Amino acid sequence: MRALVIGGGLLGLTTAYFLRQHGLEVTVVDREAGPARATSFANGGMLHASLANPWNEPGVFWHALKMLGREDAALLVRMKALPSLLGWGLRFVRHSQPARYLRNFEKNVHLARYSLALMQPLRAAIGTDYDYAGRGTLKIFRAAAPFAAAQTMSQQLATWGIPFEALSGAAVAALEPALAPIESAITGGLYFPADESGDAHRFCELLTTRCRADGVRFEFGLSVERLLRSGDRIEGILSSQGLMTADAYVLAAGSYSTPLAHAVGVMVPVRPVKGYSLTLDTGEWPGRPNRPVIDDALHAAVCPLGGRLRVAGTAEFAGFDLTLTPSRLNNLFDLVTQLYPNIAPYLDRHSATRWCGLRPMSADGVGIMGSTPLTNLYLNTGHGPLGWTMAAGAGKLVADDIAGKPTELNLAPYQLARFRERY
Ligand SMILES: Cc1cc2nc3c(=O)[nH]c(=O)nc-3n(C[C@H](O)[C@H](O)[C@H](O)COP(=O)(O)OP(=O)(O)OC[C@H]3O[C@@H](n4cnc5c(N)ncnc54)[C@H](O)[C@@H]3O)c2cc1C
């Protein structure tokens, strides 16, 4: 059986790897010159089952409305993106209803735990040379109310198998000494020891090398112009290099999966949500950070990756626009100096690598995997802010499904068919 995977980011590559493990003949196509050059390039670096809560939490609508047009808002909706969000946005808001939110949260946690468990055999296959670290994540709070709410949520997470420890400000500073200068501002912290971190781009390069050695074919620099439909099947793809055919097609093109699928009548409720990151060289810094930290008040995260610090955050509904907006990046520089005031004198803004990417966000905050109404078209997209966390698990589930093997998690709650209405 021949499978063609469209997209060489985290989700396409893990799917290709596991398909090959099942003995399929696999080709991955991507319009970029190498693996993981789009959203999987410079993400926050965290594999955090602890942060599996969908972004459409109860109250998200009023929050977004208050923030409309504000450049400093963590969640910014640009006016020009509004028309493309109308139908999708209604569903996004509808899924913030508490019972639905909780159900979707639980689905994400199960997939995240499954995915993190699969990272161990994957590391045995590709090594740990992707700045892998298993030091958990630390969430810090600067006020009592959000800290109390987060503890309640963490108790819920614990019932789903995600361990955590609640810490005082002093205990936070003891666990991450780089935070000692702001200890008095920290009300408390939550530590999630099972989380991991690593550089997604480097991971994808290693996985590509491994896949190649296993016999997967890669066609980089090849753009898929459209899928060709015949009846209830895909009969090929029209690419910048002509027609390509396979028995099964996996659409793992991130946010671009939506227009490609739409053109063959398959409505995929995924929209791009832009996020930014900075990568800073920490070589000269005294007492440099050594654990991933999420600052609840500032809605952003910092993650050590070897001798670098990745700072990521902000969410912007701006369509497919990939402009690097200085004010959004400045918010991230400010975060670093607020978190680590001792480091401010060493912070070289000029040498920082600035980046933005489009999170493929589904309308209910859960990734969309597996079959579609077209018999040989499969999806692996919509993982939004959790694509690195979910990549191994989602890739394995989709590959098992295509190969006709039993899946270790029930795939039905993650399939497109859960969205019964038309989009
Ligand atoms: C700022 C930021 C921080 C984040 N932090 C985290 C984090 O800490 N933890 C976490 O779990 N997740 C995080 N994420 C989310 C995660 O990075 C994404 O969910 C994940 O990278 C999506 O991977 P993907 O394979 O679906 O998409 P992509 O990586 O975008 O891959 C899709 C591929 O398809 C290719 N493609 C698209 N259209 C075509 C076409 N027509 N023809 C050929 N090829 C095509 C693209 O070139 C691309 O390589 C973050 C995201 C952002 C933006």
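For the numbers below, each heavy atom of this structure counts, side chains included, while hydrogens, waters and symmetry mates do not. Atoms within a ligand are numbered from 1 in the order they appear, just like the ligands themselves. Please read all numbers here as calculations on a predicted model, not as lab measurements. We count residues from 1, following the sequence as given.
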Gly45 heavy atoms, cut-off 4.0 Å: which ligand 1 atoms fall inside? 8 (O)

Which ligand 1 atoms are under 4.0 Å away from a heavy-atom of Tyr276? 1 (C)

Shortest heavy-atom approach to atom 10 (C) of ligand 1 - which of Gly44, Pro385, Gly382: Pro385

Which atoms from ligand 1 have a heavy atom of Gly357 less than 4.0 Å away? 53 (C)

For this output row, return yes or no: ring centroids of Phe320 and Tyr256 closer than 6.0 angstrom. yes

Numbered atoms and elements of ligand 1 in range of Tyr256, under 4.0 angstrom, heavy atoms: 37 (C), 38 (N)

Can you give me the closest heavy-atom contact between Leu111 and Ala394, atom names plus distance? CD1-N, 4.0 Å

Going by the order shown, which atoms of ligand 1 are within less than 4.0 Å of some heavy atom of Glu32? 47 (O)

Work out whether the distance between some heavy atom of Leu10 and some atom of ligand 1 is less than 4.0 Å. yes

Counting non-hydrogen protein atoms only, what is the nearest one to atom 50 (C) of ligand 1? Give residue, atom name and distance. Asn43 CB, 3.4 Å

Are more than 12 heavy atoms from other residues, nucleotides or ligands located less than 6.0 Å from atom CZ of Arg217? no

Non-hydrogen atoms of Ser50 and Asp195 that approach each other most closely: OG-OD2, 2.5 Å

Is there a polar contact, in the sense of an N or O pair closer than 3.5 Å, between Val224 and ligand 1? yes

Could you tell me whether Ile6 and ligand 1 have an N or O pair separated by under 3.5 Å? no

Less than 4.0 Å is my threshold; does some heavy atom of Met390 fall inside it relative to ligand 1? no

Can you tell me if Ser223 contacts ligand 1 (heavy atom of the residue under 4.0 Å from the ligand)? yes

What residues form a side-chain contact (heavy atoms from CB on, under 4.5 Å) with Ala125, not counting sequence neighbours? Tyr17, Arg210

Answer with yes or no whether Leu47 contacts ligand 1, where contact means a heavy atom under 4.0 Å from a ligand atom. no

Report yes if the side chains of Phe192 and Leu157 come closer than 4.5 Å at any heavy-atom pair, otherwise no. yes

What I want to find out is whether Arg91 reaches Asp364 closely enough, with some N-O distance under 4.0 Å, to be called a salt bridge. no

Electrostatic pair Lys139:Asp295 at N-O distance under 4.0 angstrom: no

With a 4.5 Å heavy-atom cut-off, do Asn43 and Arg359 have their side chains touching? no

Which atoms of ligand 1 are found less than 4.0 Å from any heavy atom of Leu222? 43 (C)

Numbered atoms and elements of ligand 1 in range of Arg359, under 4.0 angstrom, heavy atoms: 1 (C), 2 (C), 51 (C), 52 (C), 53 (C)

Heavy atoms, side chains only, cut-off 4.5 Å: are Glu235 and Thr245 in contact? no

